[in-house]
Trainee: 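Just dropping this structure here.
Naming: A, B, ... by sequence-line order, numbering from 1 per chain. The model shown is predicted, which means the values in this text are computed figures rather than measured ones.
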Amino acid sequence: MPTVAVAKTVQLSSLGISHIPSPETLLQECRDPGISLSPPRQAKRRPAIVMMESEDDDHPNQPIGTPDEAFSTASRNRKAFRHLQEQRKQLPIARGRESLIRSIASNDVTIILGETGSGKTTQLPQYLLEGGSYHGQIAVTQPRRVAATSLAARVSAEQGQALGTLVGYSVRFDERVGLGTRIKYLTDGMLVREMMNDPLLTCYDVVIVDEAHERTLRTDIVLASLKRILALRNGNGVDSSAKGKAKANPLKVVIMSATLDAEKFSKFFESAPVLYVKGRQHPVSIYYTSSSQSDYLDAALRTFFQIHVDRPPGDVLIFLPGQDDIENLESSLRMYANQLPQNVPDVIICSLYASLPNGQQAKVFLPTPPDSRKCILATNIAETSITIPGVRYVIDSGKQKEKRHLARIAGSGFDTLLTTDITKSSATQRAGRAGREGHGYCFRLYTEEAFNSMIASVEPEVLRSSLTSVYLQLKVIGQDLDTMPFMDRPDQESVGSALRTLWLLDAIDDSRHLTDFGRSLAVFPLEPQYAATLLASVKHNCTAEVMSVVALLSSSSPLFPDTSSQRDKANEARTKFRHPSGDHWTMLNVFRAYDEVCASEGKSGRKDWCKHNFVNQRALREAWSIRAQLRGICERMDIDWSLSCGNEESPLLRSLLRGLLQHVALLQPDGTYKQVMGPSVVKIHPSSFLTDKRSPAIIYNELVYTTNIYARGVSAVYKSFIAEFPKLTGMRLS
DNA sequence: GAGCACTGC
């Protein structure tokens, strides 16, 4: 390795050496690494009432290709279909089938505590369908799209039907349901959307909430809503006004959770019974360090080589907080791996994090060649979203990155992204990744005391997020954030901040009533701020431009990814898109150029164009889908989305301002900016094309708090634009 | 003059 790599290497601090040791020295050190490991102990088995056991997986692994390709061909193949039926029949879960059906029939709510690999998610809906007691639809919610689609494909195949007939799914941008669909897998966000049109979820006889322990924002909305709906539809809940009402269309609710939180769910649903379903997880031996490690990268490096040299074959999965750590550890591992003696197996290093291009993500699924060992460096993505085969050893840094929204009474608050300690349930989940295929080993780079003092499970998202969208969505179903029976109640500052934002947008009036404008905002699958921008574009005759920009801003990937090694080259390549007004028009220029490339070039031409210009094709593709969805919604609302302002810059900026009222700041003499609607002094992020430009007034997409409070996604606006908004100028005076 | 865990409509 060249010396450049050495500079990026983690310090082998606890070895007390500053030079790079020879491979022999390193291996010797690794056998006595200063991380002494206490005797292995078996992962605690759950003291469960064992009901059933299954050979099956809850979640088929990441599908290679589309769900259709994976399963519908199989369903056409008679032999494969018979095999599937044979598997189903032989599942031990079949023995528990009747008791499951009975319990659900005699209770409004049933909690199922299912271990990993128990097969509950694929089998239970089929049991309820085949049992014949329910004639409406059965909904099964999932936090992730890929789970919803692949589960639907699997269950459809087990039913011997084409996907989208008896069994279907519904996720954003993709839906496979028919008139005869009885089992529907959908994302929890999709069910929240459906509630906005059908607040009592009348088309469902059964709603199964899977992975409830993850406590996503949308899961919590679903849980709170279900409690309300039960009172209204079944007439026996806490809502006394609903008592005595006809139970013509009662609802059954099943909550599936993977952790001991089941008790909390049971309590929330007034002592609902808890059923335990045994899984098929292999035992995992857990090791702790004897003393706490100040440098988890160093500790991970040593532990890896210790495993590599002393332990039998099996791939190693290392959990780290973020991309930065992954890149650093990767370069250290490579350097030492290249110096290993001949008789030690090769090391294949793979990284895995969400923003990694798909091609490189796919590397982790390639089978490990004989006489080598794969070492996967991953973020939390490998904890729930992606299951990697062949992993036998897990190294757990005990750290993760956590996003947290800091609400402010004044202004709209900002997000932080900080490295924090993981939770007990997260540690257990990580360890479990070693026991998918056989007896596994988990090396925790922290002490047993540290584990014991970890909090039990992650703080629900509802306590950490901006609630603006949620507040608006609840208003549409006639509910109030303050009166919803949340499992965990968000604090007043957070609620007040959401309330204030919606009032400023004119989504609610002075009496907190939803306005017609607010109702329109909620129709769009966008942050309310961007929905307001979109609706404002009609007045300014620039819907075509605004739609592209809003779609890009809503994409989950950044348009201009930061590539530290090629930063200057990237900046140069992107210069041609630059627009003097700032980042929004610059983004639009990229999208317009991409549109032209798409019209003239094929798949590989588009890809090359993106690479050559250092723009993220994933962001453009996603924005393309979002824009198509927005166009469809506009058509239904009779809005002409083709209205264009050409190259006139003001209409787009004035539309943006309509949504970003809380994100306006004015230049101060010292070159910093002062928020108009809040107390903060902010700086323009150095990645912005407006940095150092000293524009008198700016709007920005978001604030991020790192070394400073930075405004990102910035455009310059005229002060006269700001004067058009009485609420904004009123605030300034007060 | 900088640093981005993961989802979702």
Trainee: Reckon A:T216 has a side-chain N or O less than 4.0 Å from the OP1 or OP2 of B:dG8?
Mentor: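 Looking at the OP1 and OP2 atoms of B:dG8, neither is under 4.0 Å from any side-chain N or O of A:T216.
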Trainee: Specify the separation, in whole Å, of atom CG of A:D324 and atom P of B:dA2.
Mentor: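 Rounded to whole Å, this separation is 14 Å.
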Trainee: Could you give the CG-to-P distance, from A:L217 to B:dT7, as a whole number of Å?
Mentor: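 Rounded to the whole Å, the gap is 16 Å.
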Trainee: How long is the line joining CG of A:D421 and P of B:dA5, in whole Å?
Mentor: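 So the two atoms are 17 Å apart, to the nearest Å.
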Trainee: Decide yes or no, distance alone: a donor-acceptor N/O pair under 3.5 angstrom between the base of B:dT7 and the side-chain of A:R145.
Mentor: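 Looking at the base of B:dT7, it does not pair with any donor or acceptor on the side chain of A:R145 (distance under 3.5 Å).
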Trainee: Mind checking A:F173 for me? I need base, sugar-phosphate or nothing, with any heavy atom below 4.0 Å counting as a touch.
Mentor: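 It contacts nothing in the nucleic acid.
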Trainee: Would you please name every residue forming a ring-ring contact (aromatic ring centres under 6.0 Å, His included) with A:Y530, sequence neighbours left out?
Mentor: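 Partners of A:Y530 by the ring-ring contact (aromatic ring centres under 6.0 Å, His included) criterion come out as none, since no residue qualifies.
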Trainee: Hey, does the side chain of A:T691 come within less than 4.0 Å of B:dA2's phosphate (OP1/OP2), counting only N and O?
Mentor: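 The answer is no; no side-chain N or O of A:T691 sits under 4.0 Å from OP1 or OP2.
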Trainee: Provide, to the nearest angstrom, the distance between the CG atom belonging to A:L377 and the C1' atom belonging to B:dA5.
Mentor: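 Rounded to the whole Å, the gap is 16 Å.
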Trainee: Once side-chain contact (heavy atoms from CB on, under 4.5 Å) is applied, do any residues pair with A:L481, and if so which ones, sequence neighbours excluded?
Mentor: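 A:L481 satisfies side-chain contact (heavy atoms from CB on, under 4.5 Å) with A:L467, A:V470, A:Y471, A:L474, A:F486, A:V495 only.
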Trainee: List in numerical order all residues of residues 701-714 of chain A for which some heavy atom is under 4.0 Å away from an atom belonging to DNA chain B.
Mentor: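 Within residues 701-714 of chain A, the residues near DNA chain B are A:T706, A:T707, A:Y710, A:R712.
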Trainee: Under the side-chain contact (heavy atoms from CB on, under 4.5 Å) test, which residues partner A:A716, sequence neighbours left out?
Mentor: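 A:A716 satisfies side-chain contact (heavy atoms from CB on, under 4.5 Å) with A:L690, A:S695 once adjacent residues are dropped.
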Trainee: My understanding is that only residues two or more places apart in sequence, or in another chain, count here; which of them pass ring-ring contact (aromatic ring centres under 6.0 Å, His included) with A:Y353?
Mentor: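 Expected list: none.
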Trainee: For A:P558, check side-chain contact (heavy atoms from CB on, under 4.5 Å) against everything at least two apart and list the hits.
Mentor: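 Result, side-chain contact (heavy atoms from CB on, under 4.5 Å) vs A:P558: A:N616.
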Trainee: In whole angstroms, how far is the P atom of B:dG1 from the NZ atom of A:K693?
Mentor: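 Roughly 14 Å, once rounded to whole Å.
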Trainee: For a quick check under 3.5 Å, do A:Y296 and A:D325 share a side-chain donor-acceptor pair by atom type?
Mentor: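 Their side chains do contain a donor-acceptor pair, which is all the 3.5 Å distance test asks for.
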